[in-house]
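Report on one structure; see the data block that follows.
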Amino acid sequence: MALSQAKLKFIKKVAFNMLNKTLILILSGIAVGLWVFLSEGTFFILSFALIIFFILKYTLPPEGRDFAFRLIIIGLALRIILAVGYYYLYLVPGNADILGPDGESYSQRGWYISRLLLGQNYNVVPNNSEYIFKNYNEILYSYKGNIPPADLYQVGIHSYFIAVLYAIYGYSPLMLRMVNSTLSILTAIMIFFLAREIFDKKIGKISMALLIFVPSCLIFSITVLRDPAIIFLLTLIVWLMLRFQNTRNIVFLILAFISVVLTSALRSAIILPLLLFMLLSLLMSLKVKWFKKIIIAVIILFLLMSIPSLVNQVYYRLKPENFFSTHIGYLNTPGNNYRIFPERCYESSNATSNRLVGVGPLEVMQAAISGIMHLFGEPLPVRFMQNKGYIFIFFQTALFLLFMPFILLGLLFGLRYRAYKMIPVSIYLLIFIALIVMSEGNVGTVIRHRDMLIPFLIILGVAGCCAKLGKLNRPLTQK
């Protein structure tokens with residue numbers, strides 16, 4: 001006798017719940033088993049992360065809360081397993097890091113600084129077998145027993161943070177990977193709040209689930225790179241500006257500015273785009289006449305110009321010879337590089353300013369189009385044939401290109417029906433797409449820096465899919 005629809009639905013629901021709980025049990029069991037062998041510092045970071053996730057669980061909507069929390073735990077368990085496997089099976093035997101080589105440099109410098117902080121012998125390395133310590137003598141020769149300034153290449157506040165952790169807990173690169181894994185999951189949670197603010201909680205839950213398992217976010221979260229921290233802070237800044245816009249609570253604006261300072265401490269090159277984003281978002285959200293907005297903008301600019309370091313940064317970046325120097329500088333770095341300007345701009349010359357002489361508006365437009373193609377198209381198929389580390393990112397890029405029509409649809413839907421709430425996101429995307437397009441020149445970095453856009457593109461893509469299926473409400477929300 002055929003089963004009724006109600007019984008079939010009940011059986012499917014029970015089977016799904018059993019499969020879901022079994023998967024969580026298996027992953028959690030493996031993660032806890034690995035946890036036993038982790039260092040004291042790694043244990044502390046993971047315990048702290050679980051406490052944060054448990055508290056944030058109750059900020060999620062009641063319906064679907066348990067499912068969302070299970071996703072978070074599965075995402076964290078998966079990252080623990082991948083990080084432990086990658087570190088002990090690949091890096092410890094002495095292989096070079098193919099996922100985040102720059103992160104290993106920060107870890108190396110962090111160890112050196114931690115020995116100086118503790119007054120210990122900085123000539124001793126913790127593990128001679130690891131690849132990052134094979135050129136440790138170069139660090140000793142360069143810094144000569146002194147703590148390197150934060151503004152030096154591959155030092156910065158990220159190396160100082162690593163140094164503090166190493167000074168407290170000893171050498172534990174796995175601990176740093178747990179920090180990045182936690183920040184990756186927090187970014188996904190933050191995306192839920194941002195998507196709910198703009199569209200609804202359904203878009204938020206789907207976007208959060210997708211971001212947890214996006215290959216690039218998953219891969220970079222098990223490295224020692226600074227990108228997971230930067231992406232989390234950028235997402236937080238956009239959400240805080242949106243909350244300020246909707247509530248007029250000055251606390252959100254202050255927190256956004258503090259987040260900008262922290263982000264620029266990690267990557268100084270984006271302080272000007274971030275300040276421009278904050279200024280434009282603030283002006284566009286103020287419900288006053290344009291004359292008053294201009295006066296407010298002038299006052300803010302005068303206040304910002306009173307900061308000497310910021311003035312020097314603006315002066316340096318606006319010089320013609322430095323405007324596109326970041327892109328040209330990438331061509332001198334190892335790896336797969338690409339060019340977007342006419343060939344004459346890359347001719348070797350001592351006078352860097354001469355490189356852009358004669359580049360007209362049409363050529364700049366062509367360079368921008370080429371940069372956009374590299375931004376959303378890398379790695380090209382030929383790339384992962386040269387570097388196996390690109391293979392997972394290649395499939396992600398292919399899926400995102402297929403997803404692009406829905407991203408554009410979500411953007412158009414948001415601008416039409418959620419224009420007021422889309423202001424911060426639209427300004428952010430416009431500024432950072434322009435920044436990445438005109439300044440990048442290396443395949444590895446453009447892939448990493450593209451992740452500064454991916455959380456917001458996921459939100460728009462999910463919104464576009466729901467709008468296409470008629471599952472998204474259309475009432476106007478402008479205030």
Side-chain angles (χ1 to χ4, degrees), residues 31 34 38 42 45 75-111 127 129-135 154 156 158-159 161-162 171-185 187-188 211-232 266-267 330 333-337 378-381 383-400 440 442-455:
L34 293 171
L38 301 182
T42 308
I45 295 297
L76 182 62
L78 183 60
R79 283 162 170 78
I80 294 173
I81 295 167
L82 290 176
V84 171
Y86 181 64
Y87 177 68
Y88 283 108
L89 300 179
Y90 187 81
L91 295 179
V92 170
N95 297 304
D97 191 348
I98 60 172
L99 299 181
D102 288 354
E104 297 298 281
S105 299
Y106 289 111
S107 179
Q108 182 189 61
R109 286 157 175 78
W111 170 257
N127 190 343
S129 67
E130 289 189 43
Y131 182 83
I132 64 169
F133 290 111
K134 290 184 178 178
N135 65 340
Q154 290 186 333
H158 191 50
S159 292
F161 173 73
I162 293 173
Y171 182 71
S172 178
L174 200 57
M175 170 180 58
L176 307 178
R177 288 167 168 79
M178 294 304 103
V179 172
N180 277 348
S181 295
T182 302
L183 289 170
S184 176
I185 299 295
T187 302
L211 189 64
I212 287 176
F213 300 106
V214 164
S216 62
C217 296
L218 188 60
I219 288 171
F220 295 141
S221 70
I222 63 171
T223 68
V224 193
L225 293 168
R226 52 187 175 167
D227 295 74
I230 292 171
I231 294 167
F232 168 71
L266 286 167
R267 183 172 291 157
Y330 273 125
T333 60
N336 294 311
N337 302 315
E378 293 287 359
L380 303 174
R383 307 286 194 198
F384 71 81
M385 296 177 185
Q386 301 168 352
N387 186 338
K388 294 179 182 178
Y390 288 147
I391 188 166
F392 294 108
I393 308 298
F394 169 76
F395 289 113
Q396 174 183 315
T397 300
L399 289 174
F400 257 93
E440 298 293 343
N442 179 271
V443 174
T445 55
V446 81
I447 290 172
R448 288 205 337 257
H449 295 172
R450 182 173 61 197
D451 272 17
M452 295 190 294
L453 307 173
I454 281 182

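Everything quoted here is computed from the prediction, not taken from an experiment.
Judged by distance alone, with hydrogens and angles left aside, the side-chain atoms of Arg109 form no donor-acceptor pair with the main-chain N or O of Ser159 at under 3.5 Å. Checking side-chain atoms of Thr187 against main-chain N and O of Leu183 turns up a donor-acceptor pair under 3.5 Å. Without hydrogens or angle criteria, Asn95 side chain to Tyr90 main chain gives a donor-acceptor distance under 3.5 Å.
Checked by atom type, the side-chain pair Tyr87/Glu130 shows a donor-acceptor distance below 3.5 Å. Counted by atom type alone, Arg450 and Ser216 present zero donor-acceptor pairs between their side chains at under 3.5 Å.
Rounding to the nearest 0.5 angstrom, the gap separating the CD1 atom in Ile219 from the CZ atom in Arg448 is 13.0 Å. Taking CG of Leu176 as the start and CD1 of Ile222 as the end, the distance is 13.5 Å to the nearest 0.5 Å. One distance of note links CG of Leu91 with OG1 of Thr223; it measures 10.5 Å at 0.5 Å rounding. Interatomic distance, CD1 of Ile212 versus CG of Leu218, reported as 10.5 Å (0.5 Å rounding). Within the model, atoms OH of Tyr171 and CD1 of Ile162 stand 10.0 Å from one another, a figure rounded to the nearest 0.5 Å. Leu82 CG to Ser181 OG: the interatomic distance, rounded to the nearest 0.5 Å, is 8.5 Å.
Side-chain contact check for Thr445 versus Glu378: every heavy-atom pair is 4.5 Å or farther apart. Residues Glu104 and Tyr131 are not in side-chain contact: their nearest non-hydrogen atoms beyond the backbone lie 4.5 Å or more apart. For the pair Asn135/Gln108, a side-chain contact is recorded, criterion being any heavy-atom separation below 4.5 Å from C-beta on. Counting heavy atoms from C-beta outward, Arg177 and Val224 have side chains that approach closer than 4.5 Å. Side-chain contact check for Tyr86 versus Ile98: some heavy-atom pair is nearer than 4.5 Å.
We find that Arg267 and Asp227 are joined by a salt bridge, their nearest charged nitrogen and carboxylate oxygen being less than 4.0 Å apart.
Of all heavy-atom pairs spanning Ile231 and Pro455, the tightest one is CG2-CG, 4.0 Å. Here the closest non-hydrogen pair linking Leu211 and Cys217 is CD1-SG, 3.6 Å.
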Item to check | Ile447 vs Phe220, side chain to side chain contact (heavy atoms under 4.5 Å, CB included): CA-CA, chis, key distance, verdict | outcome: CA-CA 11 Å; Ile447 290 172; Phe220 295 141; 4.3 Å; yes

